[in-house]
Amino acid sequence: MIKGHETAPILRVAVPVPLYGGFDYLDIDETGRTPVGSRVLVRFGRRRLVGIVIEHADDSDVPAARLRAIEKVLDDTPVLDDELLGLLRWAARYYHHPLGEALATALPVALRRAKADQTPHRHRGWQQVDPAPADEDDLLARAPRQRELLAAIRAVSHPTAHSHLLARFGNAQAPLKALQERGLIEPVELPGALERGGAGSAPTLGAGSAPTLGADQQQAVDHLCGLDAAFHPVLLEGVTGSGKTEVYFRHMARMLAAGRQVLFLAPEIGLTPQLIERLRARFDAAIGVLHSQRSEGERADVWRAARAGDADIVIGTRSAVFTPLPRLGLIIVDEEHDGSYKQQDGFRYHARDVALRRAQQCGVPIVLGSATPALESLHNANQKRFAHLKLPKRATGAALPPIRVIDIRSRPLLGGLSDPMLGHIERHLTAGNQVMIFINRRGYAPALSCHDCGWIAPCTRCDAPLTLHGGGARLQCHHCGAAEAAPPRCPSCGAKELIALGAGTERVAGALRSRFPDVRIARFDRDSVARKGRLESQLADVASGATQLLVGTQMLAKGHDFARLTCVGVLDVDGGLFSADFRAAEHMAQLVTQVAGRAGRADLAGEVWLQTRHPEHPLLHRLLAGGYNAFASAALSERRDAALPPFGHLALLRAEAHDLQSPQEFLTQAAATINVDADIACWGPVPAPMQRRAGRYRAHLLLHATRRARLHPALDHWQRVLGELPGARRVRWSIDVDPQDLL
DNA sequence: AGCACGCCGACT
DNA sequence: GTCGGCGTGCTC
C-alpha cells in the first residue's frame, strides 16, 4: 500500500473537565506513537492539565493550525491497560459522565498530578530482634500496649508494616519507639505497599488452618469450584454467621493457585482490620489493601504493584473496582447490598454494577455476597441471570433470634427508650449478658425546640433543624457541618425553657447510664470513634466482656461478633416505613436483619426488640413473620406494581443554584426536550425533599423508562443538548443513572 | 470547571 | 477617571 499523503500523528486525549468528548493533540513521540492509556501533560486553554491518551487518530476535525502538541508524556508505560480503559469508557457512557473526569476519578490522587516520579514510596516496617533480651518480661511488666504490639509483630515471620500497626492499634508511635529503645524490635524498610500474608508457614495457598465446612458451605464451594474460567455471576446469600467468608476463601485459594489475581471489594464499614487479618493469616500471597486511611502515596504504590502483577489479592472499597489487574481471575463483592458502593457525587458509578461489567468483560466469575441481598440482585437471581447459592444456617448451629415489636404508641419514652425495652435490657444485663441498642441518629437529640412558642433551631444554610450535641450544649448541622453554641433562651419569644426533641446515641447512652449506673456502656458513632484507634480499643473492651452495654449507629450492624451478646434493641424503625425514598423500607429490613444477626450463639439464645408506632405495617409484618426473604418478595411485588427498580429504570437529573428559580427553570426546559410516550416519562421537576442545602436550592427531574433500552438513548440525547439550554449556565446540573436515593 | 473578555456601577 | 460585578464564550 502506498502512502498517498502524510498522516499526522494525532492523539485523542481525555482531560478532566466536565465536557463530553476528547480533544486532539499532536504527538511528540519521534519513533512511534505515545501509547493509548498513557498520561500526558497538555496545554488546555490557558491551563496545564494531566490527560489520558484514549485513541490514535490519523486526522482531526479541528483545523491543523489550531492543534497543539502535547507537552510531555508522563509515564514510561501506560497507566491504564486496554481492559481498564475499556471498562472506564463503558462506565462513562453508562453513567453519562464526561470520560476525562471518569478517568481522573478512577486514578489514585497521586497519579492525577503532573509528576513523572514513579519511584515507589518507602514503607516503614518493624521486625523483632533476635535473640530477645532475657529481661524482656521485666521490661514490659507495666507496659501492656508494648506487649500487645510486640505480640502482633512476632505473630508473623516477616516484617510488619508500620501503617498496618497504626490501622490496627491507633496511635502506636510512642510504644513502638519504646520497644525499639529496649532493643526488642528494629525498623526495616519494606519493598512496597504490599503485605505478605501467610504467617511464613507452608507456601500452599489457602491451605493453612482452613476450618472444616458445613454441608451448605461445601455445596457452595463445590458449585464455585466447578465453574470454568468464564463469566459466572453468583449471588451468595448467607445469613450472618453462616461462613460466607470461608466460601470466598476457598474460591480465592483455587484462583490464586492457578496464578490469577483476586479483587475483593468491601464497604468501608465492612473492611475491618479483622477481615484483613484473616486474609493475611490465610493466604501466603502478596496483598494490596486500599482503605481510606492509607496515604495517597501508598494507594498509588498498590495501584502500580497491581498493574505490574505483583499483587495477588487487592482488597478495597468502592474505588478499588478500578484497580488494574492483568491476571484478574475472580471478583468478590462482599455485602453487595451496601449503599456505599454507589458514589454520591461527581462520577456517580455503582461499584457492584461496574464489577459485574468488569467480570463479564474479562470473562471471570464474580461472587456477590450478602445476608440481605439488594432487591436488584435477588431479582437477577430469580430471573436466572445469577446463580443463587444459599447458606441458610449459621455455621455454629445457633438459631436466628426471634424479632418482636414493642408498640410505643402512647407510651412515655425515657431518652428514646420505652419501659418494656428497659425491662428487656435489664433482664439480659442481670443474666450477665451483653445488650446492643441501635439508633440511627448520632448526637444528643435531632432538634432543639422552644416549649412556649414551638420555635425549632434551624440551620441558616439548609432546610433542616440543627442537631443537638455535647449533652445539649452545642448545635450542629448534619448536612453542611455548621456548628454553634445552643442559645440560652428562645430567640423567637425569649422563653427560657428550651427542650431537646427526640433522642440520638448520646442521649440514649446518657439515659442508660443513669438507669444502669454500675454497667459499663460504650457508644459507637462517627463522633465517639473519630479518634484513630478508638473504635478498635472500644471493640476490644466489648470482646473482653468489660463493656456490657453498647449504643450505636449502623456502624454496629456489621462485622463484629460478641460472645455474650444476647439482646438487640432497635429504637427507630418507623423512619424506614414512611420515607419519601422508595428504598427506605429495603434499607430498614436489611439493617434489622443485620443487627439481629449479632444476637445469640449456639449456647445462648438471643432476642431482638423493635420499637415502633406502626406494628401493623404490612412490610414490617412480613419481615417479622417470614424474615428477609418474605419481606423481599413482598417488597419486589410492590416495586413491580409501581414499576420501580428493578422493574422500571430511573435516572435523576439534579440541578442546584444559589437562587430558587434557576433549577426549576432549567429542569422545565430539560423536560421539554424529551418525547414522552408509553415507555418513557418525565416526573417533575420537583424541589428536592430538602430544598436548600449548604446555601443552594436544589430540584430534580426524574426520568422513568419501562425498559432499560429506552432510558439510555434519552440520556444520550440529554447529554448532547442540556449544556446548550438557555438555563444551563445558571445552574450546576448532573445526571444520576440508577440513583440510590431520591434525596 | 476554569479562565478570559467585555461592558456597566461606586470609590480612591 | 479606575476597580470589579458576573454574563458569555471557549478550551484540541
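Throughout, protein chains are lettered first and strands after them, A, B, ... in sequence-line order, and every chain is numbered starting at 1.
Atom CG in A:Asp24 sits about 6 Å away from atom C1' in C:dC12, given to the nearest Å. The interatomic distance linking A:Arg730 (CZ) with C:dG7 (P) rounds to 6 Å, in whole Å. Computed from coordinates, the A:Leu99 CG to C:dC12 P distance equals 18 Å when rounded to whole Å. Atom P of nucleotide C:dC12 and atom CG of A:Leu19 are separated by 11 Å, given to the nearest angstrom. Atom pair A:Glu724:CD and C:dG9:C1' shows a separation of 11 Å (rounding to whole Å applied).
Under the 4.5 Å side-chain criterion, counting only non-hydrogen atoms from C-beta, A:Lys342 is not in contact with A:Asp741. In this structure, A:Pro689 and A:His700 have side chains that are in contact, with non-hydrogen atoms separated by less than 4.5 Å.
A:Phe44 comes within 4.0 angstrom of a nucleotide base, judged by non-hydrogen atoms across all strands. Using a 4.0 Å heavy-atom distance criterion, A:Arg47 is classed as a base contact.
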Distance-only check: which donor-acceptor pairs under 3.5 Å involve side-chain atoms of residues 46-54 of chain A, not counting sequence neighbours?
unit_1	atom_1	unit_2	atom_2	d
A:Arg48	NE	A:Glu71	OE1	2.7
A:Arg48	NH2	A:Glu71	OE2	3.4

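Under the rule for a ring pair (Phe, Tyr, Trp, His ring centres under 6.0 Å), the partners of A:Phe647 that lie at least two apart in sequence or sit in another chain are A:His379.
Taking the six-membered ring for Trp, A:His350 and A:Tyr95 have ring centres at least 6.0 Å apart.
When DNA chain B is scanned 5' to 3' for any atom under 4.0 Å from a heavy atom of chain A, the first and last hits are B:dA1 to B:dA4.
A donor N or O paired with an acceptor N or O is found under 3.5 Å between the base of C:dG9 and the side-chain atoms of A:Arg729.
Along DNA chain B, the nucleotide nearest A:Arg732 and the nucleotide nearest A:Arg46 are compared for position; the residue whose nucleotide lies closer to the 5' end is A:Arg732.
Note on A:Asp736 versus A:Arg654: salt bridge recorded, some NZ/NE/NH1/NH2 to OD/OE distance being below 4.0 Å.
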